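To start, the structure itself, in structure tokens.
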Amino acid sequence: MTPAKVNPSMLRLLGTGDWDTLKELIKNGAYNEMIHDESKMLAAITFAVNFEAPVEVLHLMCNLNPDALMIEDTPFRLARQQGCSAQTITVLEAARQFALSRKFNDSTSSLNF
């Protein structure tokens with residue numbers, strides 16, 4: 001019997017700055033279970049901002065579950081406090097706007113005129 005492959009924690013990879021491994025694992029679906037939990041994704045995105053993850057890694061993470069950014073604005077406040085790049089704030093805001101537009105479209109599609 002082959003042991004199941006255990007992927008390293010997303011937060012551990014963020015803490016160590018192993019961006020290449022993290023990108024590959026995200027792209028290969030290693031964190032698919034985690035992405036459905038918005039509070040876990042919000043924590044992971046906040047960690048990414050805190051550890052100043054490259055913009056492309058942050059972009060991948062935000063695209064996993066942009067709805068997580070609608071829970072609270074912690075990543076946004078942290079990015080502003082740390083003086084993060086405009087790109088970082090733009091990635092966060094773009095993901096949040098995408099989630100908002102998707103929720104708006106979902107709510108208006110159920111309306112009958």
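Keep in mind the model is a prediction, meaning the values are calculated, not measured.
Going from atom OG of Ser85 over to atom CD of Glu52 covers 9.0 Å, rounded to the nearest 0.5 Å. Distance CD/Gln97 to CG/Leu69: 10.5 Å, rounded to 0.5 Å. From Leu42, atom CG reaches atom CG of Asp67 across 11.5 Å, with rounding to the nearest 0.5 Å. Put simply, CE on Met34 and CG on Asn65 are 9.5 Å apart, with the number rounded to the nearest 0.5 Å. For the atom pair CG (Leu100) and CD (Glu93), the distance works out to 8.0 Å, reported to the nearest 0.5 Å. Rounding to the nearest 0.5 Å places CH2 of Trp19 at 12.0 Å from CG of Leu60.
Closest approach of Cys62 to Ala95, counting heavy atoms only: CB-CB, 3.6 Å. In terms of heavy-atom proximity, Glu38 sits nearest to Ala68 at O-CB, 3.4 Å. When all heavy atoms of Ala44 and Leu11 are compared, the closest pair comes out as CA-CD2, 3.7 Å. Of all non-hydrogen atoms in Leu58 and Ala48, the two that sit nearest each other are CD1-CB, 3.9 Å.
Put simply, the side chain of Asn50 never gets that close to the backbone of Thr46: no donor and acceptor are under 3.5 Å apart. Within the 3.5 Å criterion, the main-chain N or O of Ala86 finds a donor-acceptor partner in the side chain of Thr90.
Checking each of Ile26, Asp20, Thr21 against Leu13 for a side-chain contact (heavy atoms from CB on, under 4.5 Å) leaves exactly one that passes, namely Thr21.
By the 4.5 Å heavy-atom criterion applied to side chains, Ile89 and Arg80 are counted as neighbours.
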Give the C-alpha distance, both sets of side-chain angles, the deciding distance and a yes or no for side-chain contact (heavy atoms from CB on, under 4.5 Å) between Met10 and Leu64.
CA-CA 13 Å; Met10 184 183 284; Leu64 290 174; 4.2 Å; yes
For a side-chain contact (heavy atoms from CB on, under 4.5 Å) check, start with the C-alpha distance between Lys40 and Ile35, then their side-chain angles and the critical distance, and finish with the verdict.
CA-CA 7 Å; Lys40 285 182 181 178; Ile35 64 174; over 6 Å; no
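Note: the hydrophobic cluster containing Met70 does not contain Met61 (ILVMFWY, side chain heavy atoms under 4.5 Å, direct or indirect links). Under a hydrophobic clustering in which Ile, Leu, Val, Met, Phe, Trp and Tyr are joined whenever their side-chain heavy atoms come within less than 4.5 Å, directly or via other members, Leu25 and Leu14 fall into the same cluster. Connection of Ile45 to Phe98 is not established within any shared hydrophobic cluster, with ILVMFWY side chains joined at heavy-atom distances below 4.5 Å, either directly or through further cluster members.
A donor and an acceptor atom, one from each side chain of Thr74 and Glu72, are located under 3.5 Å apart. Between Thr16 and Asp18, the side chains place no donor N or O within less than 3.5 Å of an acceptor N or O (distance only, hydrogens not considered).
For the side chain to side chain donor-acceptor pair (under 3.5 Å) test, residues two or more places apart in sequence or in another chain that qualify with Glu56 are Lys23.
At most 12 non-hydrogen atoms from other residues, nucleotides or ligands lie less than 6.0 angstrom from CD of Gln87. More than 12 heavy atoms of other shown residues, nucleotides or ligands fall within 6.0 angstrom of atom CZ in Arg77.
Within the structure, ring pair (Phe, Tyr, Trp, His ring centres under 6.0 Å) pairs that include any residue of residues 50-70 comprise Phe47-Phe51 (at least two apart or interchain).
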